[in-house]
Amino acid sequence: MPHEIPKTYDPGAIEPRWAEYWIQEKLFSVKTPEPGSQEAAKPMFSLLLPPPNVTGRLHMGHMLNQTEMDIIIRWHRMRGFLTLWVPGTDHAGIATQMMVERQLTEQGTSRQKLGREAFIERVWEWKKHYGGAIQAQMKRLGVSVDWDREYFTMDEGLSRAVREVFVRLYEQGLIYRGKYIVNWCPRCMTAISDLEVAHEEYTGKLYLIRYPVAGDPTQSITIATTRPETMLGDVAVAVNPKDPRYTHLHGKKLVLPLIGREIPIVTDDLADPEFGTGAVKVTPAHDPNDFELGLRHNLEQLVVMDEQARMNENAGPYAGLDRYQARERILKDLEERGFLVGTKDHHYSIGKCDRCKTVVEPRLSTQWFIKIATLAQRATEAVEKGEITFTPENYSKTYFEWMRNIHDWCISRQLWWGHRIPAWHCQGCKEILVARSAPAACPKCGGSKLEQDQDVLDTWFSSGLLPFTVFGWPEKTRDQEVFYPTSLLITGFDILFFWVARMIMTGCHFMADHPQGNVPFKAVYIHTLVRDAERQKMSKTKGNVIDPIEITERYGTDAVRFTLASMASPGTDIAFSESRTEGYRAFANKIWNAARFMFMNLERAGEGACLTQGAPPAEARRLENRWIMSRFSRVAGEVNANLASYRFHEAANSVYDFFWGEFCDWYLEIIKPRLSGTKEEAHAAVAFLGDTFEGALRLLSPFMPFITEELWHAMYEGKAPQKSIALASFPALEQHRLDSQAEEEMAILQELIVHVRNLRAESKVEPKLKVPARVFADQDVRKLLDENRGMIERLANVEKLEFAEASLAQVAGVRTTPKFEVCIVYEQKVDAAAERERLTKEKTKLEGEMANAQRQLGNQQFLAKAPANVVEGLRKRVAEVEILLEKAHIALQKLG
RNA sequence: GGGCGGUUGGCUCAGUGGUAGAGCGCCUCGUUCACACCGAGGAGGUCACUGGUUCGAAUCCAGUACUGCCCACCA
């Protein structure tokens with residue numbers, strides 16, 4: 001029997017099978033549609049995927065990201081969109097290089113020893129190895145990647161595009177080369193951008209050092225510094241021109257302690273009279289502020305450290321020492337010779353290298369920069385004008401804040417893995433040639449000894465070009481024409497600046513003439529960040545990464561996906577909780593068993609019964625069916641609306657509540673008798689059940705693709721109308737299915753049943769004992785209850801439903817609602833004390849509500865200003881509460 | 001120093017102006033044939049604090065406290 005499914009739900013047995021199937025069937029691959037074709041007529045939805053973090057395994061944060069993307073993509077596909085997602089490429093990730101370098105160090109070697117070619121080869125091997133691992137992981141997650149596309153594209157095509165961009169920017173005057181203070185990591189031995197520096201709070205010391213006046217040792221100026229070792233590179237001391245303490249020394253010279261070099265006193269506003277002693281030592285080669293000041297005053301740039309932050313030959317007696325050793329020695333010497341006036345604690349932050357946590361050293365060096373102002377202006381404008389929208393909205397504020405305070409971008413790196421800078425240095429005349437390919441000779445001096453710049457480009461330089469290079473730019477391809485700009489970018493806020501901002505800048509700049517607009521994407525959804533249970537950001541260096549593969553193996557991918565979706569409320573962080581995952585694993589199990597129940601009943605209904613051929617029209621007129629269809633349609637509407645606004649958690653909750661709380665707990669229980677009734681009844685009931693279940697599976701599918709795929713195919717006994725449920729249509733709100741009357745009637749029945757169960761529990765009726773229930777209600781309700789007495793008697797465990805002709809208010813233990821009064825006929829006296837307590841509590845609550853409501857209704861302002869439906873609702877409620885209060889009162893009296 | 005968030009039952013979190021919800025945990029009861037990864041019932045919160053706006057505030061505004069994050073070249 002094709003529709004027989006195993007008794008136990010085992011995600012491990014079904015998930016890998018479908019993951020494999022989706023790939024083999026190329027379910028999610030998209031060919032660029034031909035003009036005029038059927039595909040081309042579909043609405044388009046394309047998504048940009050961030051570059052994978054190639055460090056071996058996806059951590060939970062990436063997983064969330066991909067789950068959200070996958071839900072969106074499946075949802076759009078099921079709604080009939082032509083969907084494409086564009087996997088981001090790992091262009092030149094420096095992280096990989098660092099990993100390989102670490103390996104080399106462990107093996108007692110280094111990249112320098114290995115040589116450039118061999119080193120790059122090693123990085124490649126490493127990337128391919130882990131790239132494969134990532135693909136396998138994504139497959140396991142059920143992520144519908146477009147597998148046809150190349151994952152790693154640090155290929156010649158991309159290199160060409162990168163060179164093209166560089167040359168164009170250079171020709172447009174937007175790239176320049178210059179000698180500046182840059183952030184330098186002495187361990188990585190490369191320049192890094194401002195963004196790659198992590199600031200850490202730190203309590204250090206502020207040292208006060210006395211610099212004597214040249215020719216007059218009785219006078220001196222005391223300066224304050226946190227980095228005494230840099231004094232070896234001092235070329236001046238600056239004071240504020242308006243500072244009266246120092247006016248008498250203007251124009252004089254000071255003697256640099258320990259060294260004896262004479263340095264001038266200069267006046268500059270940089271010196272803040274309020275801070276320290278009001279006098280600043282000036283070290284242009286080792287501090288960005290001093291560098292600027294040095295330019296203003298035409299001062300020498302004296303470099304005293306090498307690329308590994310060791311003191312160099314300019315450091316005199318301290319040459320060869322590490323910067324911290326030098327600091328200690330200098331402090332000791334200063335103290336011994338009486339130059340150290342004092343020290344005090346000082347609170348400040350130090351910059352560390354984002355990757356290796358080495359303290360960054362400001363270093364004077366020649367680097368390549370992008371002049372960012374014009375690019376940033378257009379990029380800001382694109383968001384201001386709403387050409388690009390952010391969700392959650394407030395990230396646009398963060399974006400603007402950054403764009404407004406942006407500095408020129410240092411793009412050169414002294415690394416080996418990456419795109420080489422397309423610049424050649426003439427060995428003869430030192431001319432620098434920027435070109436698309438190696439020039440044969442120097443156009444200036446005719447020399448043929450040309451050497452390519454040793455530096456490579458920042459990872460994010462090439463990554464930032466992704467939105468158009470992925471479509472073959474600079475060629476004008478049809479892909480580019482069709483798919484640019486993409487609809488959506490989903491990513492984490494942590495690469496908002498690194499990547500998103502740069503894509504917007506370059507996209508707008510280079511796609512300026514694209515007919516569909518120059519922005520690289522129309523919407524940016526910033527997904528939530530997953531933290532561990534202690535709310536720490538998961539990071540590889542901290543080692544608190546939850547391994548998604550391990551979690552999926554324990555709970556199943558569907559459960560994990562659902563957990564992530566249900567916790568993904570925009571703008572918040574997620575502390576991953578396994579207990580939630582356990583809960584959703586139980587949900588998957590519930591779905592599985594509901595399906596088993598359905599298949600069992602199909603079997604039982606015998607020859608001719610079918611799940612997928614529709615039910616007879618009469619079936620649709622039954623109350624429970626009208627109700628479940630109405631609820632289903634409403635929920636489908638909610639899910640669509642919530643997904644459209646990236647409210648994954650609400651969408652997931654709606655589906656969950658519907659399936660478990662309404663479909664399983666009520667609907668299945670209600671239809672049980674008919675499923676085992678006459679053959680006609682059973683066939684009709686099974687058919688309607690099949691329709692409902694099939695719809696529910698489609699609704700669930702984006703969230704739990706594996707289990708829904710499995711059950712959906714089982715329902716069609718292997719003859720499904722599509723290759724995959726992911727190609728079926730997604731349920732939508734259908735007005736004609738909404739049936740408020742059915743929903744109201746079912747609500748009354750449910751309420752009655754719950755009250756009776758409650759009464760039984762409180763009266764401690766033995767579970768197996770059926771007792772009669774007595775109800776007083778008006779004609780309409782009575783008719784409703786009478787028509788559904790079978791359901792009530794069974795679900796409430798009632799022997800017989802009886803109707804009373806008069807109010808039951810006098811009966812002990814009666815339960816009252818605005819629609820009916822109900823009690824059970826049971827000789828055992830209710831627990832008077834407990835009942836009194838319950839009633840008193842209820843009464844107090846009602847009285848409170850009443851007082852509140854009456855106060856409002858007596859308020860003219862409220863009546864005048866509140867919306868009519870609110871006032872009306874309150875009036876209705878007051879009428880109800882009045883009755884309930886009176887009844888509670890009577891019941892209490894009765895109890896004595 | 002600047003900017004952005006968070007503070008809701010024991011725990012983890014929803015709830016963007018109409019009088020508080022979920023999952024887990026807890027308590028009571030129940031293994032008659034979908035499911036103990038279950039079913040039925042229940043307890044548990046003056047929504048951090050203060051003030052303001054409003055007929056009405058968990059929700060909007062201001063301030064306070066605690067807490068998290070991002071950005072920042074003040075020695």
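What's counted below: heavy atoms across the whole structure, side chains too, no hydrogens, waters or symmetry copies. In what follows, chains are A, B, ... by sequence order, proteins preceding strands, each numbered from 1.
In this structure, C13(B) and G21(B) make a Watson-Crick or G-U wobble pair, each of the two defining distances being under 3.5 angstrom. If you check C47(B) for Watson-Crick or wobble pairing at under 3.5 angstrom, you find it has no partner at all. Look at C71(B): its Watson-Crick or wobble partner, with both distances under 3.5 angstrom, is G1(B). Pair assignment for A57(B): none, as no Watson-Crick or G-U wobble contacts are both less than 3.5 Å. For G39(B), the paired base is C29(B) (Watson-Crick or G-U wobble, both distances below 3.5 Å). Summarising the base pairing, C66(B) is matched to G6(B) through a Watson-Crick or G-U wobble pair whose two defining distances lie under 3.5 Å.
In this structure, of A34(B), G41(B), G5(B), it is G41(B) that holds the atom nearest to the side chain of N758(A). Each of C73(B), G41(B), A34(B) was ranked by its minimum atom distance to the side chain of H407(A); first place goes to C73(B). If you check A40(B), C73(B), C29(B) against the side chain of P767(A), the one that comes closest is C29(B). If you check C29(B), G39(B), G41(B) against the side chain of A761(A), the one that comes closest is G41(B). Distance from the side chain of M600(A) is smallest to C33(B) among C33(B), C35(B), U16(B). Distance from the side chain of A586(A) is smallest to C38(B) among G18(B), G39(B), C38(B). When the nucleotides G39(B), G15(B), C73(B) are ranked by their closest atom to the side chain of R647(A), G15(B) comes out on top. Closest to the F497(A) side chain, of the nucleotides G30(B), U16(B), C71(B), is C71(B).
For the C1' atom pair drawn from A40(B) and G68(B), the interatomic distance equals 42 Å after rounding to whole Å. Between G52(B) and G56(B), the distance separating the two C1' atoms is 15 Å to the nearest Å. Using P as the reference atom, A58(B) and G41(B) are 30 Å apart when rounded to the nearest Å. Nucleotides U54(B) and C69(B) are separated by 34 Å at their C1' atoms, to the nearest Å. Here, C11(B) and C26(B) have their C1' atoms 12 Å apart, quoted to the whole Å. If you take atom C1' in C47(B) and the same atom in G17(B), they sit 15 Å apart, rounded to whole Å. The separation of G9(B) from U59(B), taken at their P atoms, amounts to 15 Å, rounded to a whole angstrom. Separating the P atom of U7(B) from that of A34(B) is a span of 44 Å, rounded to the nearest Å.
Using a 4.0 Å heavy-atom criterion, one finds that P867(A) contacts the bases of the nucleic acid, with or without backbone contacts as well. I223(A) comes within 4.0 angstrom of nothing in the nucleic acid, heavy atoms only. Q860(A) comes within 4.0 angstrom of no nucleic acid atom, judged by non-hydrogen atoms across all strands. No contact: T398(A) has no heavy atom under 4.0 Å from any strand. D287(A) comes within 4.0 angstrom of no nucleic acid atom, judged by non-hydrogen atoms across all strands. Nucleic acid contact class of A271(A) (heavy atoms, under 4.0 Å, all strands): base. Residue contacts shown for S566(A) are absent, as no nucleic acid heavy atom lies under 4.0 Å away. Backbone-only engagement by V754(A) is indicated by non-hydrogen atom pairs under 4.0 Å involving sugar-phosphate atoms exclusively. If you check every strand for non-hydrogen atoms under 4.0 Å, D272(A) touches a base.
R760(A) places its CZ atom 12 Å from the P atom of G30(B), with the value rounded to the nearest Å. As a whole-Å value, the separation of L206(A) CG from C74(B) P is 14 Å. One can place CZ of F659(A) at 15 Å from P of A34(B), the figure rounded to the nearest angstrom. Protein atom NZ of K845(A) is 13 Å distant from nucleotide atom C1' of G45(B), rounded to whole Å. Computed from coordinates, the H755(A) NE2 to G42(B) C1' distance equals 14 Å when rounded to whole Å. Atom P of nucleotide U32(B) and atom CG of N797(A) are separated by 14 Å, given to the nearest angstrom. The CG-P distance, from D408(A) to C73(B), rounds to 13 Å in whole Å. At whole-Å resolution of the value, CZ in R585(A) and C1' in C24(B) are 17 Å apart.
Residues K281(A) and T283(A) approach most closely at NZ-OG1, 3.0 Å, considering heavy atoms.
Between F587(A) and N859(A), the residue anchored closer to the 5' end of RNA chain B is F587(A), taking for each the nucleotide with the nearest heavy atom. Across the interface with RNA chain B, nearest-nucleotide mapping of F862(A) and G583(A) shows G583(A) to be the residue nearer the 5′ end.
Contact of R580(A) with C24(B) (side chain to base): no donor-acceptor pair of N or O atoms is detected under 3.5 Å. No N or O donor and acceptor, one from the side chain of E669(A) and one from the base of A40(B), sit under 3.5 Å apart. No donor-acceptor contact under 3.5 Å links the side chain of K397(A) to the base of C4(B).
By the 30° and 60° cut-offs, the orientation of the rings of Y395(A) relative to F493(A) is parallel. The aromatic rings of H346(A) and Y348(A) lie parallel to each other, their planes meeting at an angle below 30°, with 60° marking the opposite boundary. Ring pair F693(A)/F659(A) is perpendicular by interplanar angle, where above 60° counts as perpendicular and below 30° as parallel. The aromatic rings of F587(A) and W660(A) sit parallel, their planes meeting at an angle under 30°, below the 60° perpendicular limit.
The side chain of H199(A) places no N or O atom within less than 4.0 Å of a non-bridging phosphate oxygen (OP1 or OP2) of C70(B). OP1 or OP2 of C71(B) has not a single side-chain nitrogen or oxygen of N405(A) nearer than 4.0 Å. Contact between the side-chain N/O atoms of R757(A) and the OP1/OP2 oxygens of G39(B) is not found at any separation under 4.0 Å. Using a 4.0 Å cut-off, no side-chain N or O of K672(A) falls inside it from OP1 or OP2 of C33(B). Regarding contacts with the backbone of G39(B), a side-chain N or O of W660(A) is found under 4.0 angstrom from either OP1 or OP2.
Checking E200(A) against S349(A) by side-chain atom types alone, no donor-acceptor pair falls below 3.5 Å.
Look at E229(A) and R323(A) and you find no salt bridge, because none of the NZ, NE, NH1 or NH2 atoms lies under 4.0 Å from a carboxylate O. We find that E762(A) and R815(A) are joined by a salt bridge, their nearest charged nitrogen and carboxylate oxygen being less than 4.0 Å apart. The residues E880(A) and R877(A) are annotated as salt-bridged, a charged nitrogen and a carboxylate oxygen being separated by less than 4.0 angstrom.
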Practice problem: Any chance you could lay out the ring pair (Phe, Tyr, Trp, His ring centres under 6.0 Å) test for F339(A) and Y211(A), step after step, and finish with the verdict? | Solution: CA-CA 7 Å; F339(A) 292 113; Y211(A) 286 22; 8.3 Å; no

